[in-house]
Amino acid sequence: MHVFHLQQTVTGNMREEKRRRSSESSRRDRILCAFLSVFAVVNWVNVVPAAAAAKDFDYKDALSKSLLYFESQRSGRLPYTQRVTWRGHSGLTDGLQQGVDLVGGYYDAGDHVKFGLPMAFTITMLSWSVIEYGDEVAAAGEYGHALEAIKWGTDYFIKAHTHPDVLWAEVGDGDTDHYCWQRPEDMTTSRQAYKIDRENPGSDVAGETAAAMAAASIVFRKSNPHYSHLLLHHAQQLFEFGDKYRGKYDSSISEAKSYYPSWSGYEDELLWAALWLHRATGKREYVDYVVDNGEAFGGTGWAVTEFSWDVKYAGVQILASKLLKTEANLSARQRSELEKYESKAEYYVCACLNKNAVGGNLQRSPGGMLFVRQWNNMQYVSTAAFLLMVYSDRLEESGAGLRCPGGGVERRELVALAKSQADYVLGSNPMRTSYLVGHGRRFPKRVHHRAASVVSYKRSKGFIGCMQGYYDWYGRREANPNVVVGAIVGGPDGLDRFRDQRGNYMQTEACTYNTAPMVGVFAKLHRLSSSSSQRRSPQRIQEASATSTAAFSS
């Protein structure tokens, strides 16, 4: 997701995190948020029972289309198995100027820059989805496609990690890229590549890439042991590099600052990487790292209400809390520190459930959508749904419930909330729109996406220049000529309003990290839906609805 477009008159100041900070300091927005909080709580009681009693969506179809989306975002030379036929080869000279092979990887959104930080987070979340719900993905017949989506990213990371202390973290420049509205096959914009090294550190992007490769190494452990070992080798080197030479990557690569700034710093990514390396290797040194640095790095101190490509703390805390059950022979100090992580994980989950103290909860739209901020809010919906599912599994494994300031919580309440968010994405919302493109009868037709909005290169090979794309295609009122199936767009505002306009990039642009967490969620919901449809009677549906009403009205 890019943060501004130079073709728009208001683009210069429209940076996502700066908008967040200014809006949070705005008295008008505080009043609006307070109103929405009260209004949404009242409405939420009515939303969940309706969703519980409603017919389930086709989660298998949603899963299949989600994985298809990543083929639309491929950069490089496309394989003969490519299913998205309106795309062609692109970025075939990436890295040539620098003397390295950087062909491949993913475009993050509707433009053509390859940003390393969100790309790595996308692969981490795809891998985590398969680690947690691989059986469910396989049962839906999509396991092979899931592995292909992950490997397309990790193959690129292997290329980009050219030396133990060098990682190429960006290809292309956002500013020049946004002057053009071109198909990726026609690119004439700069393909300058940018790296981090000892003199120009980037612990956040190094840590996230290490996490992605460590998580992926778990995925490929049985099917491709050699590849798994290679990924783990790179992950360990990157973690050591990022930890030894500390610094924020956007201080070293200023070109990334306007688009993917590291507002949370690099500490959360180092903790995140250490946890994934522990899960991949079982080595206690990584547990020690997480315990020893918990306070200094904010892992045991930050209580957050979002999980994103920038802010990893909620994911860190949930992974760390799992160690209390899985790690044997913990010392008293280690257990004490991990329990601090767990308390912050509970804060995030309780915030999603609206069961923290006043001021510590996520806002909700009148239609029940978890709401963090106006720009691409669906990224926070998808990550919340995933973490809720994962934490519900943890509660099931431990046989325990969750105690929030607002009352006790059972596992099924977490599943119900995760399901309600997935259903909102798929069309159970006031606009009656599926925000997963290509799913259902009504979905966004004018996605802010260069390749989708311009005639396919396969149909018309005539060159389309920078400004020609704006004149001939960007301003068209008609639907895009190509459907970017499986993309989850930015979605509606805090009042559930959505405008399907190509220029409305805050709402109609889709990002890889919106869809990646939903792969696991859709897989789990498909299994639950298949199981429940065989055994649930109308009486049990009514009982579940009544339970949800009681739970969410407390």
Side-chain angles (χ1 to χ4, degrees), residues 1-2 5 67-98 100-116 118-120 122-123 148-160 168-194 255 259 437 447-470 472-474 480-487 509-512 515:
M1 180 188 71
H2 50 270
H5 290 252
L67 288 167
L68 183 64
Y69 164 61
F70 293 96
E71 297 189 22
S72 300
Q73 298 304 110
R74 285 172 170 171
S75 180
R77 185 170 293 280
L78 303 183
Y80 72 93
T81 55
Q82 173 81 7
R83 295 177 293 165
V84 178
T85 57
W86 49 268
R87 280 296 322 284
H89 307 315
S90 63
L92 299 182
T93 62
D94 284 358
L96 183 63
Q97 289 178 308
Q98 290 73 36
V100 293
D101 178 7
L102 296 176
V103 176
Y106 287 110
Y107 304 120
D108 71 300
D111 48 21
H112 303 142
V113 182
K114 295 192 296 199
F115 291 103
M119 192 194 306
T122 294
I123 300 304
E148 288 174 8
I150 294 168
K151 194 171 185 292
W152 194 267
T154 52
D155 283 350
Y156 174 76
F157 296 147
I158 290 171
K159 290 182 175 184
W168 294 87
E170 181 175 330
V171 179
D173 172 60
D175 291 345
T176 57
D177 183 86
H178 285 81
Y179 278 118
C180 290
W181 193 263
Q182 288 180 294
R183 301 174 296 200
E185 297 83 3
D186 290 331
M187 269 193 293
T188 57
T189 50
S190 169
R191 301 306 288 172
Q192 173 76 34
Y194 305 89
E255 289 77 8
Y259 301 90
V437 177
V447 180
H448 185 92
H449 190 280
R450 286 164 172 74
S453 66
V454 180
V455 62
S456 170
Y457 183 77
K458 298 290 184 67
R459 290 182 53 194
S460 177
K461 289 183 169 57
F463 175 76
I464 296 176
C466 272
M467 298 312 296
Q468 182 185 354
Y470 274 111
D472 295 348
W473 296 98
Y474 180 81
N480 289 347
N482 310 303
V483 181
V484 58
V485 173
E509 187 167 25
C511 303
T512 56
T515 297

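We're numbering straight along the sequence, starting at 1.
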| message | Is any side-chain heavy atom of Trp473 closer than 4.5 Å to one of Pro481? | response | yes
| task | Scan side-chain atoms only and decide if Asp173 and Tyr259 contain a donor-acceptor pair under the 3.5 Å cut-off. | result | no
| said: For Arg87, is there an ion pair with Glu185 - N to carboxylate O distance below 4.0 angstrom? | reply: yes
| query | Does the side chain of Pro118 come within less than 4.5 Å of Thr512's, by heavy atoms? | reply | no
| Aromatic centroids of Tyr107 and His449 separated by under 6.0 Å | no
| request: Answer whether the closest heavy-atom distance between the side chains of Arg183 and Val455 falls below 4.5 Å. | output: yes
| request: Could you give me the CA-CA distance, side-chain angles and deciding distance for Val485 and Val437, then say whether side-chain contact (heavy atoms from CB on, under 4.5 Å) is met? | output: CA-CA 5 Å; Val485 173; Val437 177; 5.6 Å; no
| query | Can you name the side chain to side chain donor-acceptor pair (under 3.5 Å) partners of Gln82, sequence neighbours left out? | reply | Arg74
| task | Could you tell me how the ring of Trp152 sits relative to the ring of Tyr106: parallel (under 30°), tilted (30 to 60°) or perpendicular (over 60°)? | result | tilted
| message | Can you confirm whether Glu148 sits close enough to Phe70 that some side-chain heavy atom of one is under 4.5 Å from a side-chain heavy atom of the other? | response | no
| query | Judged by atom type as modelled, is there a donor-acceptor pair below 3.5 Å linking the side chain of Asp108 to the main-chain atoms of Phe115? | reply | no
| Test: Lys159 cationic atom under 6.0 Å from Phe157 six-membered ring centre, within 45° of axis | no
| request: Report the C-alpha distance between Arg450 and His112 in whole Å, list the side-chain angles of each, state the deciding distance to 0.1 Å, and finish with yes or no for side-chain contact (heavy atoms from CB on, under 4.5 Å). | output: CA-CA 9 Å; Arg450 286 164 172 74; His112 303 142; 3.4 Å; yes
| query | Do Asp175 and Glu255 come close enough that some side-chain heavy atom pair is under 4.5 Å? | reply | no
| query | Using the ring of each side chain (for Trp, its six-membered ring), is Trp181 parallel, tilted or perpendicular to Tyr470, with breaks at 30° and 60°? | reply | tilted
| query | Do Ile464 and Val454 have side-chain heavy atoms sitting under 4.5 Å apart? | reply | yes
